[in-house]
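A short write-up of the structure that comes next.
Just so it is clear: chains get the letters A, B, ... in the order the sequence lines come, proteins before strands, and each one is counted from 1.
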2 protein chains.
Amino acid sequence: MNTLESAREKLVQAGLKATQQRMVILATVQASKAHPSAEHVHESVRVNNPSISLGTVYSTLDTFVEKGLIQMVLAKNGIKRYDGRLDNHNHIHCVNTNEILDFEDLELNELVMDFLRRKKIENLDIRKFSLHIQGEKVDVKKNIKIH
Amino acid sequence: MNTLESAREKLVQAGLKATQQRMVILATVQASKAHPSAEHVHESVRVNNPSISLGTVYSTLDTFVEKGLIQMVLAKNGIKRYDGRLDNHNHIHCVNTNEILDFEDLELNELVMDFLRRKKIENLDIRKFSLHIQGEKVDVKKNIKIH
DNA sequence: TACTTGTCAGGAATTATTCTTAACTAATAA
DNA sequence: TTATTAGTTAAGAATAATTCCTGACAAGTA
């Protein structure tokens with residue numbers, strides 16, 4: 001199925017007008033596994049849509065996060081990066097390569113949710129949680145693999 | 001015991017010259033529970049040491065993080081904040097007030113460490129991990145309490 | 001049609017952070 | 001002591017990510 005069409009549906013569902021810019025930006029973020037920054041998204045969309053401005057990319061990403069269409073992740077240098085995945089998942093931050101990897105694990109989620117249920121936190125409405133694992137790639141050329 | 005003197009000791013132990021600026025900045029971060037930003041640290045130290053420049057605060061905090069004397073935490077707006085606590089602990093980020101709270105829990109640490117031991121992650125040297133809990137204060141005027 | 005609202009490109013403005021430079025300090029060597 | 005060196009700092013300029021502003025345009029409505 002066409003990713004642009006799927007983006008259109010999601011936009012409409014979220015109550016947003018499905019403009020060309022929005023469809024392209026949403027499809028780009030959702031297709032990427034690299035947790036791109038706004039700048040990076042701009043570079044990507046520019047290839048086929050050279051008129052989309054950086055400002056539009058910024059404000060559109062903002063809107064998407066607000067509407068819950070994508071998530072924002074912070075790199076350790078403070079730069080905002082975006083994640084098309086919406087499920088509760090965790091991230092591995094690689095100190096030497098600045099990579100951010102998704103790390104999904106149902107068991108871990110259960111573990112933490114169970115913990116948080118027991119540990120009553122008063123006066124706080126928990127929205128989400130995620131485990132941030134910070135580490136260093138042993139071999140920079142190889143990928144990180146989770147078993 | 002004098003916090004400045006304790007700061008001096010830590011600086012020397014870390015192999016850094018114990019200058020007035022460094023002592024004051026280290027003592028300030030370690031005394032604060034608010035996870036101050038560089039700007040905020042600058043405001044604090046200025047009160048008694050008006051000549052310390054913002055640039056010095058930035059580079060000194062950098063040095064401290066590098067030497068492991070303090071930790072850096074990112075607020076959800078991407079601003080760098082600093083934490084005098086060195087033990088493995090977690091953070092609660094309050095979306096509506098921008099507060100960052102420490103959240104230490106040995107049981108949780110054990111839980112996660114145990115999990116990570118079982119889950120082999122290949123080609124990654126884990127440096128640290130922390131659980132980020134994002135939520136909204138129910139009553140903004142009251143504190144968050146953990147039981 | 002006229003009116004309203006929302007969206008966008010382009011560029012200016014802002015802000016956290018880093019960089020540069022020259023002055024200063026402390027430690028060491030002559 | 002004086003000279004030398006390396007390290008530290010204040011001040012302000014420069015940078016880079018992000019936000020703001022404005023006028024043009026588009027779509028939807030009466």
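- Partners of H40(B) under the ring pair (Phe, Tyr, Trp, His ring centres under 6.0 Å) rule, at least two apart in sequence or in another chain, do not exist in this structure.
- Judged purely by distance below 3.5 Å, without hydrogens or angles, the side chains of T56(B) and S53(B) pair a donor atom with an acceptor atom.
- Side-chain atoms of T97(A) and E99(A) form a donor-acceptor pair, as typed in the model, at a separation below 3.5 Å.
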Return all side-chain donor-acceptor pairs below 3.5 angstrom for residues 140-147 of chain B, not counting sequence neighbours, or 'none' if the list is empty.
from    : atom 1 : to      : atom 2 : distance (Å)
H147(B) : NE2    : E122(A) : OE1    : 2.7

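- Residue K80(B) contributes atom NZ, which lies 12 Å from atom P of dA17(D) at whole-angstrom precision.
- Taking CZ of R81(A) as the reference point, atom OG of S32(A) lies at 9.0 Å (rounded to 0.5 Å).
- Of the residues in residues 48-63 of chain B, S51(B), I52(B), S53(B), T56(B) come within less than 4.0 Å of DNA chain D through at least one heavy atom, sorted by number.
- At a non-hydrogen distance threshold of 4.0 Å, K17(B), T19(B), Q21(B), R22(B) from residues 13-32 of chain B come into contact with DNA chain D.
- The separation between R81(A) atom CZ and dT18(D) atom C1' is 16 Å, rounded to whole Å.
- When the P atom of dT15(C) is taken as reference, atom CD1 of I79(A) falls 19 Å away, rounded to whole Å.
- Take H93(B) and apply the ring pair (Phe, Tyr, Trp, His ring centres under 6.0 Å) test, not counting sequence neighbours, and it matches H132(B).
- At a threshold of 4.5 Å between side-chain heavy atoms, the hydrophobic network of Ile, Leu, Val, Met, Phe, Trp and Tyr places M23(A) and Y58(A) in two separate groups.
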* Give the intermediate values and the outcome of salt bridge (Lys or Arg N to Asp or Glu O under 4.0 Å) for residues R46(B) and E43(B). => CA-CA 5 Å; R46(B) 254 168 178 276; E43(B) 279 169 33; over 6 Å; no
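- In this structure, a donor-acceptor pair under 3.5 Å is absent between the side chains of H89(B) and N109(B).
- Between the P atom of dT9(D) and the NE2 atom of H42(B) lies a distance of 13 Å, rounded to the nearest Å.
- If you check residues 65-78 of chain A against DNA chain C, you find no residue with a heavy atom closer than 4.0 Å.
- Residue-environment remark: CD (E66(A)) stays at or below the threshold of 12 foreign heavy atoms within 6.0 Å.
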